[in-house]
Amino acid sequence: MIMKIEELASLIKDGCKLAIPADYSGVAMAVTRELIRQKKKKLHIIGVPTSGLQSELLIGAGCVSVLESSALTLGEYNPASRFSAAIKSGSIKLIDATCPAIHAGLQASQKGLPFMPLRGIIGSDILKNHPDWKVIQNPFSQDDDKIVAIPAIKPDVALFHAPFADREGNVWVGRRRELVHMTQASKTAYVSVEKIVDGNLLDDETLAAGVLPNLYVGAVAEAPSGCWPLSFWHGEGEDKEHLDHYKAVAGTQDGFDEYLQQFIFDGEIP
Amino acid sequence: MIMKIEELASLIKDGCKLAIPADYSGVAMAVTRELIRQKKKKLHIIGVPTSGLQSELLIGAGCVSVLESSALTLGEYNPASRFSAAIKSGSIKLIDATCPAIHAGLQASQKGLPFMPLRGIIGSDILKNHPDWKVIQNPFSQDDDKIVAIPAIKPDVALFHAPFADREGNVWVGRRRELVHMTQASKTAYVSVEKIVDGNLLDDETLAAGVLPNLYVGAVAEAPSGCWPLSFWHGEGEDKEHLDHYKAVAGTQDGFDEYLQQFIFDGEIP
Amino acid sequence: MSDASSKKALICFIANLLRDCNHVAVGASSPIPGAAALLAKAAWSSPRHVNILGSVKNNFLTNGSQELFDCAAQGRIDAFFLGGGQIDGSANINLMGRGEYPNNTPRWPGTFGSAYLYFLIPKVILFREEHSRRVLVDTVDFVSAPGCSAPETYRTGGPYGLLTNKAFFKFEKEKGCFSLKSIHAGSSLEDILDNTGFDFLYDKENTPATPEPNPELLKVLENEVSVKIRDVYPQFSDTIFTH
Amino acid sequence: MSDASSKKALICFIANLLRDCNHVAVGASSPIPGAAALLAKAAWSSPRHVNILGSVKNNFLTNGSQELFDCAAQGRIDAFFLGGGQIDGSANINLMGRGEYPNNTPRWPGTFGSAYLYFLIPKVILFREEHSRRVLVDTVDFVSAPGCSAPETYRTGGPYGLLTNKAFFKFEKEKGCFSLKSIHAGSSLEDILDNTGFDFLYDKENTPATPEPNPELLKVLENEVSVKIRDVYPQFSDTIFTH
């Protein structure tokens, strides 16, 4: 259960349907760099409900075949050049959604349901272009009342970074409960943490309120500052200088390739 | 927001659709006694997903017109005599459900959805007798695949007992997340707590993981040992002697009336 | 056999049924199944996960009381226990009451999660100590949860067997009925036929006796697990262990 | 007006729009609306609840990132802000990209929650500083979220108005179009007609100037709220306040 990040990353196979959280939830960037070093292919990324630098890097490095998300944003470091380039060249397939629909699809999986209904969306071009959604009649309305049915999204693996875990694989996620939902919707979860702690997290009811139990967890690896260069809600802020540098170089494939070489293959981390 | 339990109870009006938790979640027994003293009528009780002594007392005292639940059980103190008597005389209407359907109906309300689908149930006499459920075709299956659609259950008030709250009305419920769901499904929540604490519970991320934010809370009252004579998951165990006494006397209406007089109207609490 | 020994034998018997499971869930008021799950975990570390509903210490779920149901629907719970005021030969169970709904006499507590869990947990063990024609009936008065479903109905779980204080029956899914597998000490085929209200399959000549509990397993129960059982089921624990 | 003053004026303008709200939610990368919500709360204790998504300190939600969407569907959020790379005269917004989907050039980040929140939050304020024919177009290339829906479509929310660095428009739901309500200092009706790619209603003679921010309110912004804004939007704060 507790392993090195190299080993954890090696459990993620080519073609894996991989659920990853938005930047505010704790992004497993150290593991992501290892995935690039291990040259993963054909990942189906699910941004829960959006994604950022993590997907940008994986797309740029050629690891991704499908991006299913409600947005890919680098925030003030936009535009995401490798994402844009991949769209232009058609090298990735897009499944564009809207945030609550990603949550609804995952929640259907979490609850073992074929689908969840969801309000809104009708009249959006998102609906026209989504390959999976259907519009059904609300069975409880006498009138014409259409509602969108979102089928279950069933990731193979949920991958994220959390503050700490115990040696039995219980992970503390605090009030970042989207990580609980995302994990329970997935076959398993691989988690990097700032640190491994002694004892069982469930023994203390105050901590237990924020614990993802090990029933759902397949692997945990210690990775201090594992979100770098992104900020971590339970840790450091973002590395603005590094992100500015990324923005400056990633506009061309050559610049991006140099970035990969320097910060990922050569592993130069401040 | 912070008030006496008398005042909190007075906010619950005759005819209120009242969601109450199972015994393991923290039952607001002190408030329940006050509801009986205030002679509430025509309550529509929703046991989430089951109920126990709380409903038995309210039914016996004539406060209830509808009981919607998956079970009413006193555990080892069964049978629930006043519940049985009410069923025999037909003085309450029953809406019998199954636990996950209560959760699903509340979750539909919590999410502002008209309904949630749910597996199982087909072939149960529960389905035949439930006034609200419908069976629909799974829109994502090519084959005949029926699934039950559970319409939203929308309580007026969620009422429960919790370990503590702050003065702004944020309530700590720990990992008893059914209380979060039950509350968010309801128009408001009235909560008794063991104690009111200083500071804001959301300022500490460890505590925050178990907090129900005050956006959803309408009233909080301090009621130490507020679950008595039931056990409290974050406090004392049950009062076996008292519960044995209840079982011994509640078999007849007279015995029950004496119990009410002694322990509720005269308020004799050990 | 004393009442305590026969309860211990049931615990050991059930523990053996749980040995191939990863996650076993047990209701709060089911001390014998709960003790069995704790015993299996202690003896074989299998099941790895035991969840005793309503217990704080022996319940690792953290997503509220609906998590159990979500778990079940995803196939993350391998075994569970159901009882019933009435159980019939098609493994239909009635937790609602005798007579006609809704004015049953007696009315029992209600259906709980049975109308759902029975469909979704692969190994549902029906457990009811009382073995009588009052409980084991030809047809239940109210189907809280059906034992069998039409082939087009989504169903990934269902009855595995029925254990009473007289015998163990396996449920034959294809035939839709119980077959008698073993007879506990103190009972007999005749006794069982006399006290069972439904028809079931049996081998007239060769129905085996339920094996005695393994002495090693009994030792683990007495020495290691009794403390844990006392923690969760103090009153039950007093009736079977001399502390 | 300096850039800092005009941003402060926008903050005060928006704050006034939020005064009748109980709960205002703001996206993580919307410093002007975020500052406005914090200002309104500080000045009038109304809205009572301000939620800045992505912030740890200024976000009181504890049920995961889907809680915002659940809240919205229940009518528990009164106001929200949306932008758009393109906004058209029917209040349709495009967050996806210019040109034909999926190979847009440029491609923008994506639709986020707009295709849902726009339907369910009563007062959605469209906010985009850039006021140009590039942004305010006749017809968006991609409808991330529609401004109007057929009457049979479930919709409890929608566009309230559109605020840019030149003007404020109110959305006329019945007519399905914007009407110009006030013109900011430094702009004019002509300037707005020149730079708006869609038709809108306006009063040729009497379109008022946007009122100057109230000095008392500006003082609260500078003295009380600037610290909170720095906490959430440090870079933005540096551009408008001299700390």
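Protein chains get the first letters and strands the later ones, always in sequence-line order, with residue 1 at the start of each.
- The side-chain heavy atoms of A:Ser55 and A:Ile20, taken from C-beta on, include a pair separated by under 4.5 Å.
- Of the listed residues A:Ile122, A:Val173, A:Asn78, the one with more heavy-atom pairs under 4.5 angstrom with chain D than any other is A:Ile122.
- Not a single donor-acceptor pair under 3.5 Å links the side chain of A:Arg119 to the backbone N or O of D:Phe119.
- Ranked by non-hydrogen atom pairs under 4.5 Å with chain A, the options D:Gly113, D:Cys148, D:Ala150 are led by D:Gly113.
- Per-residue heavy-atom pair counts under 4.5 Å with chain D were compared for A:Leu94, A:Ile126, A:Val148, A:Val180, and the maximum is reached by A:Ile126.
- For A:Pro100, the parts lying under 4.5 angstrom from a heavy atom of chain D are both the backbone and the side chain.
- Most heavy-atom pairs under 4.5 Å with chain A: of the set D:Pro106, D:Ala115, D:Ser149, this distinction falls to D:Ala115.
- Chain A forms the most heavy-atom pairs under 4.5 Å with one residue out of D:Thr153, D:Leu68, D:Asn63, and that residue is D:Asn63.
- Residues of residues 101-109 of chain A lying under 4.5 angstrom from chain D, judged on non-hydrogen atoms, are A:His103 in numerical order.
- For the pair A:Gly26 and A:Pro21, the tightest heavy-atom approach, listed with the atom from each and the gap, is O-CG, 3.3 Å.
- Only the side chain of A:Leu118 comes within contact range of chain D, with heavy atoms under 4.5 Å apart.
- Across D:Asn103, D:Leu53, D:Leu120, the residue that shares the most heavy-atom pairs under 4.5 angstrom with chain A is D:Asn103.
- The backbone N or O of A:Gly255 sits less than 3.5 Å from a side-chain atom of A:Thr252, completing a donor-acceptor pair.
- When side chains are defined from C-beta on, A:Val171 does not count as touching A:Leu179, because their heavy atoms never get closer than 4.5 Å.
- Proximity of D:Leu201 to D:Phe169: side-chain heavy atoms (C-beta onward) are nowhere separated by under 4.5 Å.
- Within the 4.5 angstrom heavy-atom criterion, no atom of A:Lys128 approaches chain D.
- A 4.5 Å side-chain heavy-atom check between A:Val48 and A:Phe160 finds every atom pair outside the cut-off.
- For chain A, no part of D:Glu67 is nearby; none of its heavy atoms comes within less than 4.5 Å.
- Among the candidates D:Ala145, D:Ser144, D:Gly64, the residue making the largest number of heavy-atom pairs closer than 4.5 Å to chain A is D:Gly64.
- Using cut-offs of 30° and 60° on the angle between ring planes, the pair D:His23 and D:His49 is perpendicular.
- Contact tally against chain D (heavy-atom pairs below 4.5 Å) for A:Ile147, A:Asp23, A:Asn129, A:Thr50: the top residue is A:Asn129.
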Could you give me the CA-CA distance, side-chain angles and deciding distance for D:Ser5 and D:Ser2, then say whether side-chain hydrogen bond (donor to acceptor under 3.5 Å, both in side chains) is met? CA-CA 5 Å; D:Ser5 322; D:Ser2 74; 2.6 Å; yes
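- Proximity to chain A is limited to the backbone of D:Asn104, based on heavy atoms less than 4.5 angstrom apart.
- Cation-pi geometry between A:Lys247 and A:Tyr77 is not met at under 6.0 angstrom from the ring centre and within 45 degrees of the axis.
- Using a 4.5 Å cut-off between heavy atoms, D:Ser114 touches chain A through its backbone atoms (N, CA, C, O) alone.
- Formation of a donor-acceptor pair under 3.5 Å by the D:Tyr116 side chain with backbone atoms of D:Phe69 is found in this model.
- For A:Asp143, no part lies under 4.5 angstrom from a heavy atom of chain D.
- Heavy-atom pairs under 4.5 Å with chain D were tallied for A:Arg177, A:His181, A:Arg176, A:Lys146; the largest tally goes to A:Arg177.
- Judged by a 6.0 Å distance limit and a 45° cone about the ring axis, D:Arg155 is positioned over the six-membered ring of D:Tyr118.
- For D:Phe127 and D:Phe81, the ring centers are positioned 6.0 Å apart or more.
- At distances below 3.5 Å, not a single donor-acceptor pair connects side-chain atoms of D:Asn92 with backbone N or O atoms of D:Asp88.
- Annotation: residues 67-76 of chain A contacts chain D through A:Ser70, A:Ala71, A:Leu72, A:Thr73, A:Glu76 [non-hydrogen atoms, separation under 4.5 Å].
- A cation-pi arrangement, defined by a distance under 6.0 Å to the six-membered ring centre and an angle within 45 degrees of its axis, is present between D:Lys170 and D:Tyr160.
- When side chains are defined from C-beta on, D:Thr164 does not count as touching D:Asn195, because their heavy atoms never get closer than 4.5 Å.
- The backbone N or O of A:Ile150 sits nowhere less than 3.5 Å from a side-chain atom of A:Asp132 that would complete a donor-acceptor pair.
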